[in-house]
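Below is one structure, written out as structure tokens; comments come after it.
Order of appearance sets the numbers: ligands from 1, and atoms from 1 within every ligand. Index from 1, following the sequence.
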Amino acid sequence: MARELNEVGVVGLGTMGAGIAEVLARAGLSVTAVEVTDEALARGRGHVEQSTDRAVSRGKLDPADRDAIFERIRFSNSLEDLASAELVIEAVPERMELKADVFARLDKICAPDTILATNTSSLSVTELSVVTGRPSKVIGMHFFNPAPVMKLVEVVQTVVTEPSVVEDVEALAERLGKVDVTIGDRAGFIANALLFGYLNHAVSMYENRYATREDIDAAMRLGCGLPMGPLALMDLIGIDTAYEILDTMYKQSRNRLHAPSPVIKQMMTAGLLGRKSGRGFYTYA
Ligand code: CAA
């Protein structure tokens with residue numbers, strides 16, 4: 001019988017963390033959402049406001065339910081506030097040293113049976129687990145962008161994750177209205193391992209002036225029935241996040257499919273990060 005998790009924490013309130021906090025609160029869980037600075041916290045809160053306001057304006061969410069969502073989220077800038085959480089999901093930027101630092105600190109703050117999950121898309125969950133004194137309680141819980149909309153959660157088990165922890169997290173994913181797939185710990189898991197070779201190829205087509213960005217995107221939307229073309233999707237994911245994912249997968253597999261197209265790094269350096277910075281392959285108002 002899976003343990004019902006009701007008190008949860010989210011660390012990092014960027015696009016993914018804020019979306020995950022919203023999903024958890026919508027499902028009735030009590031959420032402590034942590035960011036380092038007041039500005040980052042306000043930005044995270046802003047993401048949740050924007051997303052829930054949009055749902056209200058589309059008639060998909062009652063204003064009273066939106067208020068209830070906010071009542072269930074405690075915004076905090078202290079990891080110490082996660083002391084009583086049963087599960088914490090880490091969603092800080094995709095860099096091992098940052099994530100390892102959060103895991104080491106959470107390990108000291110949280111109770112020994114608290115499950116520590118990471119939303120990493122490509123880093124090693126095993127490597128993160130061993131910075132804690134509880135590797136068997138560490139797991140991957142990988143959501144997709146936008147988290148309130150995309151149905152999939154990849155549950156990543158390492159060679160030491162306890163089966164009961166996998167069961168608890170699978171049960172939670174289902175309670176959130178998601179569909180879970182459970183896999184072992186390798187870079188990219190299932191979806192990104194298949195998706196990013198394609199995205200990278202689309203970028204190099206664009207970089208080599210083989211076709212315009214509009215034509216590349218139209219071909220995949222209208223010819224293959226995808227909801228979004230690859231360059232628009234790169235902008236949604238974030239150029240910096242896409243770079244980190246490709247780079248990690250490339251370093252792990254040495255598969256040239258994943259060697260980041262040079263323009264991705266250049267865009268990242270120039271601050272063209274996609275939707276979140278207002279400009280990527282496209283420009284956003
Ligand atoms: N936050 C919350 N809700 C959002 C949203 C957001 N950022 N963007 C869209 N929505 C909601 C809308 O409110 C709308 O909800 P209702 O149907 O309940 O009214 C619904 O999504 C559809 O939105 P739109 O009508 O505005 O636009 P659309 O039909 O073009 O859908 C989309 C937008 C859902 C983003 C769709 O284009 C899509 O599915 N794109 C592909 C996204 C994708 O592949 N994501 C995975 C990226 S890879 C990843 O995330 C892994 C990783 O590790 C990087």
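In this structure, atom 28 (P) of ligand 1 has no protein heavy-atom contact shorter than 4.0 Å. The protein does not reach atom 31 (O) of ligand 1 closely, with no heavy atom under 4.0 angstrom from it. Distances from atom 43 (C) of ligand 1 to the protein include at least one heavy-atom value under 4.0 Å. Counting only heavy atoms, the protein gets under 4.0 Å from atom 52 (C) of ligand 1. Taking a distance limit of 4.0 Å, we find that atom 38 (C) of ligand 1 is approached by some protein heavy atom. Protein non-hydrogen atoms do not reach within 4.0 Å of atom 22 (C) of ligand 1. For atom 8 (N) of ligand 1, a protein heavy-atom neighbour is found at a distance under 4.0 Å. Of the protein's heavy atoms, at least one falls inside 4.0 Å of atom 25 (O) of ligand 1.
Remark: ligand 1 and T241 share no N or O pair separated by less than 3.5 Å (distance only, no angle test).
D81 and T32 are not linked by any side-chain donor-acceptor pair at a separation below 3.5 angstrom, with hydrogens and angles left out of the test. No hydrogens or angles considered: nothing links the side chains of E94 and T241 as a donor-acceptor pair under 3.5 Å. A donor-acceptor contact closer than 3.5 angstrom is absent between the side chains of E22 and T52.
Using a 4.0 Å cut-off to heavy atoms of N192, the atoms of ligand 1 that qualify are 51 (C), 52 (C), 53 (O). Contact atoms of ligand 1 toward S121: 53 (O) (distance under 4.0 Å to a heavy atom of the residue).
Protein heavy atom in closest approach to atom 10 (N) of ligand 1: V149 CG2, 3.4 Å. Among all protein heavy atoms, the one lying closest to atom 54 (C) of ligand 1 is I237 CG2, 3.6 Å. Protein heavy atom closest to atom 15 (O) of ligand 1, with residue, atom name and distance, is R58 NH1, 4.1 Å.
Note on ligand 1: L195 sits in its first shell, one or more heavy atoms being nearer than 4.0 Å.
Of the candidates H47, K60, M228, E94, K60 brings a heavy atom nearest to atom 19 (O) of ligand 1.
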Quick one, D101 with R105, criterion salt bridge (Lys or Arg N to Asp or Glu O under 4.0 Å). Give me CA distance, side-chain angles, the key distance, then yes/no. CA-CA 6 Å; D101 178 58; R105 289 165 63 197; 3.6 Å; yes
